[in-house]
Number of protein chains: 2
Amino acid sequence: MRRIKMEDVARKVGVSAMTVSRALKHDGVVSAATRRRILQVVEELGYVPDQIAGSLSSQRSGFVAVLAPSLNNPPLAESVHALAESLEEVGLQILIGYTNYETKREERLLTELLQRRPEAIVVVSDGHSPRSRRLMREAGIPVVQIWDRPARPIDNVVGFSNEDVGSNIVRFLAERGYRRLAYLGETNDEGTRGARRRLGFVREVERLNLGPVRVHDQAPPPITMLQARAALPRMLQRWPDIDAIVCVSDPCAFGVLSEAQAMGVGVPSQLAIVGFGDFEISRCCSPPLTTVAIDSGRIGHETGQLLKDMLGRSPVAMSKRVSRRVAIDAILTPRGTTRS
Amino acid sequence: MRRIKMEDVARKVGVSAMTVSRALKHDGVVSAATRRRILQVVEELGYVPDQIAGSLSSQRSGFVAVLAPSLNNPPLAESVHALAESLEEVGLQILIGYTNYETKREERLLTELLQRRPEAIVVVSDGHSPRSRRLMREAGIPVVQIWDRPARPIDNVVGFSNEDVGSNIVRFLAERGYRRLAYLGETNDEGTRGARRRLGFVREVERLNLGPVRVHDQAPPPITMLQARAALPRMLQRWPDIDAIVCVSDPCAFGVLSEAQAMGVGVPSQLAIVGFGDFEISRCCSPPLTTVAIDSGRIGHETGQLLKDMLGRSPVAMSKRVSRRVAIDAILTPRGTTRS
DNA sequence: TTGTAAGCGTTATCAT
DNA sequence: ATGATAACGCTTACAA
């Protein structure tokens with residue numbers, strides 16, 4: 001029982017394969033009558049077009065490669081989901097590679113994904129090896145870095161400055177009278193967005209002369225709630241007088257909050273806590289977490305829009321191929337874990 | 001500047017394209033010397049094999065299609081991640097389709113993904129339309145339903161009975177003296193795993209004669225923490241005497257817990273709460289949530305293993321193509337939101 | 001161990 | 001509006 005092909009449909013209808021191809025692609029040039037008969041036979045025979053053959057012939061894979069550390073992070077998962085939905089409208093599919101925050105893995109994945117001839121590359125901006133950068137640049141297709149605004153972008157960017165986020169949090173706390181700040185972050189996080197926020201934190205603490213820089217790195221990314229809990233006593237032992245902890249993420253911040261409550265440390269009276277990401281938990285816990293809200297869905301949609309334009313699949317006039325930067329807001333959202 | 005192809009590499013090395021192909025596929029038949037020169041030229045020229053052409057020729061796409069409601073659910077995301085890593089070992093890649101719990105969408109996605117000629121289909125078992133079932137069955141490739149054990153599986157299964165989970169929770173609570181149980185679930189959830197857990201709940205409540213069946217459906221899947229918070233007062237108003245709430249998921253349970261604490265309802269003294277999924281939050285909150293733990297990563301690995309066997313990519317002797325059921329444990333994990 | 005020839009199932013292109 | 005033909009870039013199958 002051979003698989004049905006276009007030729008089979010064509011023969012049964014009494015036209016050429018080309019006409020079937022056109023009918024299925026809404027070329028609009030096929031006569032309504034012929035088209036109707038073709039669709040009917042397609043249905044009868046259960047014909048499923050072979051996109052691999054189509055792609056080879058048309059030289060368009062219909063793929064967009066996406067590199068992310070993992071989708072175990074709801075905001076990231078949401079961005080990718082939104083991107084997929086946006087691209088779906090024009091028949092583009094997503095091919096995901098999980099880097100696990102490992103540069104070597106990223107290189108290997110890139111090499112593999114490139115063999116699928118993606119029409120574009122979307123990469124969560126977490127620091128890339130020179131080889132990865134070269135692979136992306138030389139691929140000859142649009143590249144979009146998301147979730148950060150690197151100093152020297154490869155091509156397009158849809159994101160915000162994580163470094164500024166780190167700095168802004170420090171200023172925010174300083175304005176509210178906090179003076180002895182600490183940062184709780186991740187180990188082995190070179191190049192990651194969390195590391196960039198920590199950098200912003202450190203720079204701003206120095207700029208504002210807020211005393212010694214206090215940074216505690218607890219576990220490799222992504223740090224878990226429980227690891228964050230374990231960090232709090234150590235931090236308090238090391239720096240008994242801190243009055244605020246800036247956390248690399250909301251799960252991290254929630255861990256700290258839980259441990260503080262267990263230890264009887266008042267939040268925000270004795271200790272302020274700031275998270276990042278506006279995870280669901282940050283709105284629901286008590287007190288709700290002060291955090292930085294990112295419109296994850298918008299990152300996906302904007303990226304999709306940008307790509308549709310670049311790939312000429314947008315109804316809008318195709319823009320010249322110039323790299324673009326789309327700024328996404330990072331909104332510091334005061335809630336219950338900082339005093340006003 | 002044309003794209004380099006195999007032919008170009010072959011010419012430069014002074015061999016035929018076929019030899020290059022073999023060298024790259026580790027066929028082992030190419031002489032070491034030739035192979036070395038080929039790899040060197042590949043590097044020099046920056047040749048990237050075109051897998052689309054390769055797939056068309058070999059009639060193997062190297063894809064596995066995955067249908068999931070969304071990856072915004074960490075345990076699901078973890079299963080898919082683990083599956084991807086398992087399949088990566090044999091060069092298989094994953095093609096994800098997000099169904100958003102919409103049956104119509106699932107059909108459309110299936111139709112689109114099938115055009116990519118996947119070698120297998122993995123689907124999160126959330127109830128499928130007859131058309132979807134037909135599409136899967138007639139695709140002529142292995143199908144794996146994960147995260148549930150349907151009564152009439154399409155083909156292979158890697159999961160556990162969600163209905164049993166619902167029943168087991170009821171028995172667990174009854175044994176601990178709880179008598180007036182309620183279920184907090186989702187609306188428009190026909191066929192979903194949550195609906196199956198609710199069914200198990202209802203059946204067991206009836207079997208044990210625990211009085212009237214109390215089911216409250218608050219919002220479409222996936223229910224959020226905040227929606228769950230909003231549900232608690234309504235449920236207490238409707239059934240002031242309930243002593244336990246079984247929740248469709250951990251985020252849902254956490255929402256209920258938060259609201260109970262805000263309302264001054266003692267947990268577990270006045271109200272027991274049970275979640276599902278063993279999300280990170282369930283271990284970290286206070287009191288920690290009694291929940292049902294699923295080894296999400298194992299679901300992914302087992303599915304990967306099963307597929308590698310079925311597709312004959314496993315080093316192990318290829319098993320005959322018979323549908324298999326892999327049972328995954330669903331472990332009821334008593335923690336702080338139920339009394340012992 | 002290496003090469004030759006013939007596809008794989010579409011679509012681009014040029015005719016009609 | 002439809003058709004014929006030649007790619008698309010690789011791998012299978014067989015030959016040498």
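So you know, we letter chains A, B, ... as the sequences are listed, proteins then strands, and number each from 1. Just so you know, these numbers come straight off a predicted model, no measurement behind them.
- Contact annotation for A/V30: backbone-only contact, meaning every heavy-atom pair under 4.0 Å involves sugar-phosphate atoms and none involves a base.
- One atom, CZ of B/R116, and another, C1' of C/dG9, lie 15 Å apart when rounded to the nearest Å.
- Neither OP1 nor OP2 of C/dT1 sits under 4.0 Å from any side-chain N or O of B/T19.
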Quick one: side chains of residues 28-37 of chain A, donor-acceptor pairs under 3.5 Å with protein atoms, not counting sequence neighbours, listed by atom name and distance.
from  : atom 1 : to    : atom 2 : distance (Å)
A/S31 : OG     : A/T34 : N      : 3.2
A/S31 : OG     : A/T34 : OG1    : 2.5
A/R35 : NE     : A/A23 : O      : 3.1
A/R37 : NH1    : A/V13 : O      : 3.2

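- In this structure, CZ of A/R37 is placed 13 Å from C1' of D/dA1, rounded to the nearest angstrom.
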- [ ] Classify every nucleotide of nucleotides 8-16 of chain D by which part a protein heavy atom approaches to under 4.0 Å, writing B for the base, S for the sugar-phosphate alone and - for neither, in 5'-to-3' order.
- [x] BBBBBB---
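- In this structure, the CG atom of A/D8 is 12 Å from the P atom of C/dC8, given to the nearest Å.
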Task: Test side-chain contact (heavy atoms from CB on, under 4.5 Å) applied to B/D50 and A/R117, step by step - done: CA-CA 7 Å; B/D50 185 329; A/R117 296 288 184 263; 3.6 Å; yes
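- The pair A/R105-B/E85 meets the salt-bridge criterion, since a charged nitrogen lies less than 4.0 angstrom from a carboxylate oxygen.
- Taking only side-chain nitrogens and oxygens, A/T34 never comes nearer than 4.0 Å to OP1 or OP2 of D/dA1.
- For the pair A/R11 and A/D8, the salt-bridge criterion is met [side-chain N within less than 4.0 Å of a carboxylate O].
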Task: Stepwise side-chain contact (heavy atoms from CB on, under 4.5 Å) test for A/L67 and A/V122 - done: CA-CA 6 Å; A/L67 288 166; A/V122 173; over 6 Å; no
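- The ring pair (Phe, Tyr, Trp, His ring centres under 6.0 Å) test applied to B/F63 returns A/F63, not counting sequence neighbours.
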